[in-house]
Amino acid sequence: MHSSISYDPMNEPQLLDLAFAALVDHLVDLGEPRYRAAQLWRAVYADLVTSYEAITTLPQGLRTKLEACLPWEALMCAQSHASADGRTTKVLWKLQDGETIESVLMRYDSRATACLSTQVGCAMGCQFCDTGQSGFRRNLSIGEIIGQALAHARTLRDEGRRLSNIVFMGMGEPMDNYDATLGTIRTMNDPKGMGIGARAFTLSTVGIIPGIRRLANESIQVNLAVSLHTADNQLRNSLVPANRTHPLPKLLDACRAYIEKTHRRVSFEVALIAGINDSIDHARQMAKSLRGMLCHVNLIPFNTIRKSAWKGSDVEQIHRFKSILSDAGIPTSVRQSRGEDIRAACGQLRRRDRTSY
Ligand code: SAH
Ligand code: SF4
């Protein structure tokens, strides 16, 4: 096993890190015909097999060769917790270098959504987020992100269901690991594999402006969610330290440019914390800042985190906040996060010490 310091998942390609074109090149380099890549791709991403040995469409000699030269990175499931209603499952994954991450599977009546991590911890340090408070270790590789989704897809298949939606709202800031996040989306979007539609992905960002600009120019159009929390620039500086680098007026300009370029609605996520960002004045200020934008606001009651005395706003206050935005013509919903009983709700995922599970 690698040590956590020297381990670099980008060093040697592993199976799940490769885009389809790179997989074709790899097999051609091994002297194999191109169609072997298509067989392998289908087995991994459509049939959801878990080992080369199980891919019986490939000759035994090739399976042995691949085993030796193209490692199939496995995430080890260290713990799995189901919520009391059985609809939410949180999994703690152990990575090859011993780091740990979490992902969450949420079952709804007509869809099933995996909430994936993109980093071990997060460097953004938001005050209200357990992930941010547990510090940053490293980026995840494409394979480590896809591995979470594949495992949830297998669970759902065994329940007679399919994975339909992906949200990058687990641990980490996806725009801080941009290339791997987009690579993951492209692989999962391939109709010959998992076939998850572009519109079924939601990338959530704390508000990294260059990332929003890049995303606007991608050929694949996914949903963009921006974690706004407040339209008060000073308050946002203290809640979201990244606001000092990407201040609110510029962030909103970048969102407007994104909308103009893509003609797509941006979601703004707002975690309402009692007495901090949930006053009527805060709501009015937000309504003023967002008026006229093609957007949608999701109000989420703040979920308690360790070492914080903050509490989520009460239902009445959330509805007062909502009415002000709705009256200003801004589509607004109130979202309940899932899985609070298993600490799987927004902001509650956390990097752990290796010894603590
Ligand atoms: N880093 C990205 C994506 C991961 S966080 C981002 O910040 O957008 C996913 C969502 O959970 C974000 O909207 C974030 O603001 C929200 N969140 C974090 N801590 C929370 C908490 N304690 N209660 C409610 N939502 C929280
Ligand atoms: Fe990172 Fe998002 Fe948590 Fe902020 S809210 S610390 S950006 S994961």
Side-chain angles (χ1 to χ4, degrees), residues 90 101-104 106 113-140 145 148 166-178 180-181 184-185 201-209 211-212 215 222-230 235-246 248 251 254-255 266-274 276-278 295-313 318 321 333-340 343-351:
K90 177 174 84 167
I101 52 163
E102 295 181 318
S103 66
V104 182
M106 294 165 286
T113 301
C115 176
L116 307 183
S117 290
T118 52
Q119 299 182 312
V120 182
C122 182
M124 300 297 141
C126 300
Q127 256 197 64
F128 48 82
C129 172
D130 250 342
T131 306
Q133 294 305 308
S134 67
F136 174 72
R137 273 307 264 219
R138 66 169 173 86
N139 279 330
L140 295 181
I145 305 173
Q148 302 163 53
I166 300 286
V167 296
F168 295 96
M169 294 188 182
M171 293 164 62
E173 167 52 44
M175 294 293 196
D176 199 30
N177 189 11
Y178 188 96
T181 303
T184 304
I185 292 172
F201 292 96
T202 301
L203 194 159
S204 176
T205 177
V206 70
I208 308 287
I209 293 173
I212 295 173
L215 193 65
V222 301
N223 299 307
L224 172 66
V226 175
S227 299
L228 184 64
H229 304 308
T230 177
L235 177 59
R236 199 167 190 273
N237 276 342
S238 73
L239 294 175
V240 178
N243 194 65
R244 295 186 202 129
T245 318
H246 305 284
L248 199 56
L251 171 59
C255 292
V266 169
S267 299
F268 289 107
E269 311 293 311
V270 179
L272 287 175
I273 311 170
I276 302 289
N277 63 349
D278 67 343
C295 70
H296 184 108
V297 173
N298 282 315
L299 301 177
I300 314 156
F302 166 76
N303 298 303
T304 56
I305 64 165
R306 285 158 241 243
K307 297 187 202 147
S308 168
W310 286 346
K311 292 200 166 45
S313 307
I318 293 174
F321 202 101
S333 346
V334 178
R335 268 210 289 143
Q336 267 313 326
S337 11
R338 284 284 200 94
E340 210 177 351
R343 299 204 71 77
C346 299
Q348 294 186 323
L349 305 184
R350 168 179 186 85
R351 188 172 74 73

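Every number for a ligand or one of its atoms is a count from 1 in the order of the listing.
- An N or O contact shorter than 3.5 Å links F128 to ligand 1 by distance.
- Against a heavy-atom cut-off of under 4.0 Å, E173 is close to the following atoms of ligand 1: 1 (N), 2 (C), 6 (C).
- Of all heavy-atom pairs between S103 and Q148, the closest is CB-OE1, 3.4 Å.
- Nearest non-hydrogen protein atom to atom 18 (C) of ligand 1 is G347 CA, 3.5 Å.
- Taking the six-membered ring where tryptophan is involved, the planes of F302 and W310 are perpendicular, since the angle between them exceeds 60° and thus also 30°.
- Considering only heavy atoms from C-beta on, S308 stays 4.5 Å or farther from T304 through its side chain.
- The nearest N, O or S atom of C126 is not closer to atom 3 (Fe) of ligand 2 than 2.8 Å.
- Looking at A123, G172, S204 and measuring to atom 1 (N) of ligand 1, the nearest heavy atom belongs to G172.
- Looking from atom 4 (C) of ligand 1 to the surrounding protein, the closest heavy atom is G170 O, 3.3 Å.
- Within the 4.0 Å heavy-atom cutoff, G207 does not count among the residues contacting ligand 1.
- In the vicinity of F168, heavy-atom distances shorter than 4.0 Å reach the ligand 1 atoms 3 (C).
- With a 4.0 Å cut-off on non-hydrogen atoms, A271 touches ligand 1 through its side chain and not its backbone.
- Atom 4 (Fe) of ligand 2 has no N, O or S atom of C122 inside 2.8 Å of it.
- Here the side chains of N223 and S267 are not in contact, with every heavy-atom distance at 4.5 Å or above.
- At least one side-chain heavy atom of V240 sits under 4.5 Å from a side-chain heavy atom of F128.
- Every atom of ligand 1 with a heavy atom of T205 under 4.0 Å away is listed here by number and element: 6 (C), 8 (O).
- By the criterion of a heavy-atom distance under 4.0 Å, both the backbone and the side chain of N303 are placed next to ligand 1.
- Closest approach of D176 and A123 over heavy atoms only: OD2-CB, 4.3 Å.
- Checking each of I185, T202, V222, T205 against F168 for a side-chain contact (heavy atoms from CB on, under 4.5 Å) leaves exactly one that passes, namely I185.
- Here is the list of ligand 2 atoms found below 4.0 Å of a heavy atom in V206: 7 (S).
- Neither side chain, N277 nor T230, offers a donor N or O lying under 3.5 Å from an acceptor on the other.
- Those atoms of ligand 2 that come under 4.0 Å of a heavy atom in G132, given as number and element, are 6 (S).
- Heavy-atom distances between G132 and ligand 1 stay at or above 4.0 Å for every pair.
- Taking SG of C115 as the start and NZ of K90 as the end, the distance is 11.5 Å to the nearest 0.5 Å.
- Counting heavy atoms from C-beta outward, V226 and C255 have side chains that approach closer than 4.5 Å.
- For atom 25 (N) of ligand 1, the closest heavy atom belonging to the protein is C346 CB, 3.3 Å.
- The two residues N243 and L248 have their closest heavy-atom pair at OD1-N, 3.2 Å.
- Only the side chain of E269 comes within 4.0 Å of ligand 1, counting heavy atoms alone; its backbone N, CA, C and O stay farther away.
- The residue M124 has no part lying near ligand 1, judged by heavy-atom distances below 4.0 Å.
- When distances from atom 21 (C) of ligand 1 to the protein are checked, a heavy atom turns up under 4.0 Å.
- The closest side-chain heavy-atom distance from V206 to M175 is not below 4.5 Å.
- Which parts of ligand 2 touch M124 is read off a 4.0 Å heavy-atom cut-off, strictly below it: atoms 1 (Fe), 7 (S).
- Residues I273 and D278 are not in side-chain contact: their nearest non-hydrogen atoms beyond the backbone lie 4.5 Å or more apart.
- Atom 7 (O) of ligand 1 has its closest protein heavy atom at S227 OG, 3.6 Å.
- Looking at heavy atoms from C-beta onward, P301 lies in side-chain contact with I318 at the 4.5 angstrom threshold.
- Residue L116 holds its CG atom at 10.0 Å from CG of L140, rounded to the nearest 0.5 Å.
- Regarding atom 8 (S) of ligand 2, its nearest protein heavy-atom neighbour is G172 O, 3.7 Å.
- For atom 3 (Fe) of ligand 2, the nearest protein heavy atom (residue, atom name, distance) is C129 SG, 2.3 Å.
- The residue T131 has no part lying near ligand 1, judged by heavy-atom distances below 4.0 Å.
- When hydrogens are left out, the protein atom nearest atom 9 (C) of ligand 1 is M169 O, 3.5 Å; that is the closest non-hydrogen contact.
- Ranking protein heavy atoms by distance to atom 15 (O) of ligand 1, first place goes to H229 NE2, 2.7 Å.
- Taking every non-hydrogen atom of I305 and a distance limit under 4.0 Å, the qualifying atoms of ligand 1 come out as 22 (N).
- The CG atom of N177 sits 5.0 Å away from atom CD1 of I145, with the distance rounded to the nearest 0.5 Å.
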